[in-house]
Number of protein chains: 2
Amino acid sequence: MTDRPGTFDGVHRRNLSKLLGLVHLEGPMSRARLTAATGLNRSTVASLAAELADLGLVEERAPDPTNRVGRPSPVIAAHPGVLAIAVNPEVDAVTIAAVGLDGTIAVRERVETDEVVSPEQTAALVREVVERWRGAGDAGLGDARLVAVGLAVPGLVRASDGLVRLAPHLEWADAPLRALVEEATGLPAAVGNDASLGAIAEHLFGAGRGVDDLVYLNGGASGIGGGLIVHGRPVGGVGGYAGEFGQNRPGIDAPGDRRAPGGVLEDEVSRRRLLDVVGLRLADEPTLAAAIVATGSPAVADELARQRRILGTALANAVNVLNPSVVILGGFLATIAEQDPDALRDAVAAQAMPAAVEELDLRVAALGEDRLLIGAAEAAFADLLADPIGDGPVA
Amino acid sequence: MTDRPGTFDGVHRRNLSKLLGLVHLEGPMSRARLTAATGLNRSTVASLAAELADLGLVEERAPDPTNRVGRPSPVIAAHPGVLAIAVNPEVDAVTIAAVGLDGTIAVRERVETDEVVSPEQTAALVREVVERWRGAGDAGLGDARLVAVGLAVPGLVRASDGLVRLAPHLEWADAPLRALVEEATGLPAAVGNDASLGAIAEHLFGAGRGVDDLVYLNGGASGIGGGLIVHGRPVGGVGGYAGEFGQNRPGIDAPGDRRAPGGVLEDEVSRRRLLDVVGLRLADEPTLAAAIVATGSPAVADELARQRRILGTALANAVNVLNPSVVILGGFLATIAEQDPDALRDAVAAQAMPAAVEELDLRVAALGEDRLLIGAAEAAFADLLADPIGDGPVA
DNA sequence: CGAATTTGTTGCGCTTGACGGCAAATCGCC
DNA sequence: GGCGATTTGCCGTCAAGCGCAACAAATTCG
């Protein structure tokens with residue numbers, strides 16, 4: 001009496017999905033709140049929740065002691081034993097984590113690599129780490145249920161089949177990453193561009209919570225990537241390559257601001273140039289930000305202002321075209337923004353349509369390092385969330 | 001046994017909407033084809049079609065004589081008597097049309113104006129014309145059913161309440177156009193930016209049919225406007241101001257290409273500059289195109305090439321960010337494209353990500369002058385299409 | 001003119017969610 | 001500490017809507 005869709009399209013499935021999505025996004029909720037949030041009937045919610053519990057996707061816990069009149073309502077929470085494996089291969093290390101459906105990171109491991117890893121090595125590494133975790137019962141993955149693997153790759157990823165078209169820093173080209181990982185682990189895999197997944201994470205859990213139209217721009221060591229959320233859904237484009245703001249030709253009003261003739265946005269607005277001007281070779285983001293604050297050098301201020309101007313123009317262009325309610329800046333772009341938020345906003349306001357700027361909120365990313373892992377896990381969970389029983393017990 | 005939703009969310013409504021949308025977009029279809037297209041059961045389609053016919057939204061016609069075996073299937077077509085009023089106020093005239101749910105334009109009238117019309121005058125004019133049409137029974141509007149009014153305005157429009165924030169050429173500012181028109185006509189009204197509505201029209205009936213991710217750019221006398229379709233849905237942004245490509249700061253690689261320091265895209269890529277270089281004061285699009293072809297002047301070729309370079313960069317930027325499957329150019333941008341399509345494509349390819357360009361199709365708008373009217377009608381029909389019984393016979 | 005094919009038509013059954021009455025659990029007040 | 005108020009869970013019933021299958025109708029082909 002659980003699965004069979006019965007009716008054609010699956011109202012039932014959609015309702016299950018809605019419920020699971022709610023507890024996934026909003027955290028544990030009482031059944032009463034779920035009833036209000038979904039607009040469904042009490043009895044329906046009860047039956048749906050029971051079904052999700054049967055599927056092992058949620059837990060029904062004792063009611064929270066809320067000081068209110070009336071019979072307490074049991075709390076529905078995402079089952080902590082439902083996990084996705086999130087993977088982020090980078091130049092110097094591969095980070096692997098197990099992320100719960102409840103949004104918590106159960107385990108995380110950063111595997112440093114001497115040389116740049118290949119796609120095959122990455123797949124093997126994931127397999128190895130996951131098997132080790134599974135073996136170590138006390139680590140908490142003993143009886144866990146692994147749903148899928150999500151990979152955040154710094155490069156161009158074709159969403160449809162998980163082919164990494166080009167990841168310059170990893171020196172990957174046309175790597176069938178999804179297939180490799182699926183074969184190695186036996187789990188379904190999803191591959192996405194790191195910045196796009198970061199955008200999803202910020203949208204769902206970070207600075208963009210509850211916002212349906214946003215632009216996310218992340219400044220990393222290797223350049224500027226981004227992601228869009230439109231109508232509450234991530235924008236991939238046909239190939240899934242959308243969001244490559246870093247490759248845009250920047251509009252530069254003051255000719256003196258140009259540093260890289262014929263260059264793209266990430267040649268002009270660049271972490272490297274900031275590091276150079278403060279005199280650092282390598283630094284993490286807080287160090288860079290601290291160094292910028294510490295120095296009183298006018299050269300630093302000038303470079304900061306120059307990059308801010310160009311960034312402002314790029315943001316203004318995006319705002320004109322997309323009219324988002326929020327623009328989120330991450331990485332060193334957040335550092336630039338935080339040095340003088342008003343100046344950046346003024347720069348955007350001066351060049352974008354006033355009407356679009358009125359409703360615009362310029363924010364700094366709220367999630368830290370975990371962003372990519374959470375985004376990757378989200379990609380891994382996507383199928384399950386969209387259809388909780390879909391490919392489950394297919395006899 | 002027809003209306004009552006019964007169940008909560010309205011599968012029924014969605015199915016009705018799906019059916020109506022199909023015959024609206026694809027034209028008359030046999031019931032058998034509808035069955036295949038929707039995936040619903042024969043009996044269900046029959047019942048839904050009968051319900052739509054009862055609502056007066058579709059007609060069930062005699063089967064088409066198709067030379068195939070089997071019992072012929074009746075043809076379902078959008079009812080020709082269901083009309084939307086489409087309005088396009090411009091500087092020198094207001095165009096008003098009655099557009100059928102079947103996509104045909106039943107009547108059209110262009111009212112030339114001596115001076116620029118005000119929003120109030122526009123509303124009054126619409127009322128007057130509609131009443132006249134209604135009176136003239138033989139003109140075909142005798143027993144027609146007017147669903148709503150859609151207005152395509154050359155300016156910034158706040159979609160939520162139909163407020164025209166700014167329409168520089170009409171000299172409108174903060175005009176509550178939707179309210180004015182609704183009061184004057186007694187019909188629900190929808191207001192949209194002309195380019196955005198053009199994008200919708202091209203998406204549904206023109207060069208973008210069946211394409212779910214596209215960018216549309218239109219070059220008019222007053223500048224460059226555009227619209228986006230993402231995930232098959234028009235992108236409005238929070239305020240509905242999205243698509244203002246013309247206000248972007250262009251990326252210009254060759255310093256000599258700049259004509260308007262500090263200017264925006266539509267200052268550099270401009271119809272006026274083309275007219276000037278071929279030596280025309282006023283001309284419609286075919287005349288301009290002919291004049292460009294006729295002249296052998298290198299100055300014309302140079303200007304064309306310059307605008308093409310800058311346009312190419314702008315398109316490349318859009319392609320990088322949105323990775324659309326199609327970019328559609330209308331107005332004088334189409335003229336620029338058609339003079340040398342390969343050159344434009346090369347310009348885009350040189351500056352956009354190769355992967356995104358691979359799947360990119362650069363097209364010229366397919367719909368003519370009717371584009372705005374069709375788009376406006378579409379906006380007017382939107383509610384009806386989304387929910388065919390929704391606000392209909394509310395007792 | 002009959003076989004084959006396709007599709008409309010009709011009646012039935014199933015799934016699923018809504019609804020309403022009743023019981024349970026908590027709070028507040030006396 | 002008991003009682004009313006309130007909220008919510010639980011269960012049985014009901015209805016809406018779609019799928020399904022059998023039959024009938026309309027057309028083509030041989």
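Naming: A, B, ... by sequence-line order, numbering from 1 per chain. All heavy atoms count here, side chains included; hydrogens, waters and symmetry mates do not.
- Closest approach of Val99(A) and Ala377(A) over heavy atoms only: CB-CB, 3.6 Å.
- Take the nearest nucleotide of DNA chain D for Glu60(A) and for Arg71(A): the residue whose nucleotide is more 5' is Arg71(A).
- Distances shorter than 4.0 Å separate none of the side-chain N or O atoms of Ser47(A) from OP1 or OP2 on dG17(C).
- In this structure, Arg31(A) atom CZ and dA25(C) atom P are separated by 13 Å, rounded to whole Å.
- Atom CG in Leu40(A) sits about 14 Å away from atom C1' in dC19(C), given to the nearest Å.
- Side-chain nitrogen and oxygen atoms of Arg68(B) include none within less than 4.0 Å of the OP1 or OP2 phosphate oxygen of dT6(C).
- Nucleotides of DNA chain C nearest to Gly70(A) and Thr44(A) differ in position, and the one nearer the 5' end is that of Thr44(A).
- At a threshold of 4.0 angstrom between heavy atoms, the contacts of Ser43(B) include nucleobase atoms, whether or not backbone atoms are also involved.
- As rounded to whole Å, 11 Å separates atom P of dG17(C) from atom CG of Leu19(A).
- Rounded to whole Å, atom P of dG17(C) lies 6 Å from atom CG of Leu48(A).
- The only option from Leu52(A), Ile389(A), Val147(A) that meets the side-chain contact (heavy atoms from CB on, under 4.5 Å) definition with Leu57(A) turns out to be Leu52(A).
- Across the protein-nucleic acid pair, Ile389(A) atom CD1 and dT15(C) atom P stand 13 Å apart, rounded to whole Å.
- Considering only the side chain of Val69(B), dT27(D) comes nearest among dT27(D), dG9(D), dA25(C).
- For Asn15(B) and dC18(D), the shortest distance from a side-chain N or O to OP1 or OP2 is below 4.0 Å.
- When the side-chain nitrogen and oxygen atoms of Arg13(A) are compared with OP1 and OP2 of dT16(C), none of them lie within a distance under 4.0 Å.
- Of all heavy-atom pairs between Leu22(B) and Ala37(B), the closest is CD1-CB, 3.8 Å.
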Inset, instruction - May I have the step-by-step check of salt bridge (Lys or Arg N to Asp or Glu O under 4.0 Å) for Arg31(B) and Glu60(B), ending in yes or no? - result: CA-CA 9 Å; Arg31(B) 260 195 355 220; Glu60(B) 204 148 331; 2.5 Å; yes
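- For dT15(C), the OP1/OP2 oxygens have no side-chain nitrogen or oxygen of His12(A) closer than 4.0 Å.
- Atoms CG (Leu16(B)) and C1' (dC18(D)) sit 13 Å apart, rounded to a whole Å.
- No donor-acceptor pair under 3.5 Å is formed between the side chain of Glu59(A) and the backbone N or O of Ala77(A).
- Rounded to whole Å, the distance from CG on Asp64(B) to P on dG8(C) is 13 Å.
- Judged by closest nucleotide on DNA chain C, Arg42(A) is the one of Pro63(A) and Arg42(A) placed further toward the 5' end.
- Here the P atom of nucleotide dG12(D) and the CG atom of Asn41(A) are 16 Å apart, to the nearest Å.
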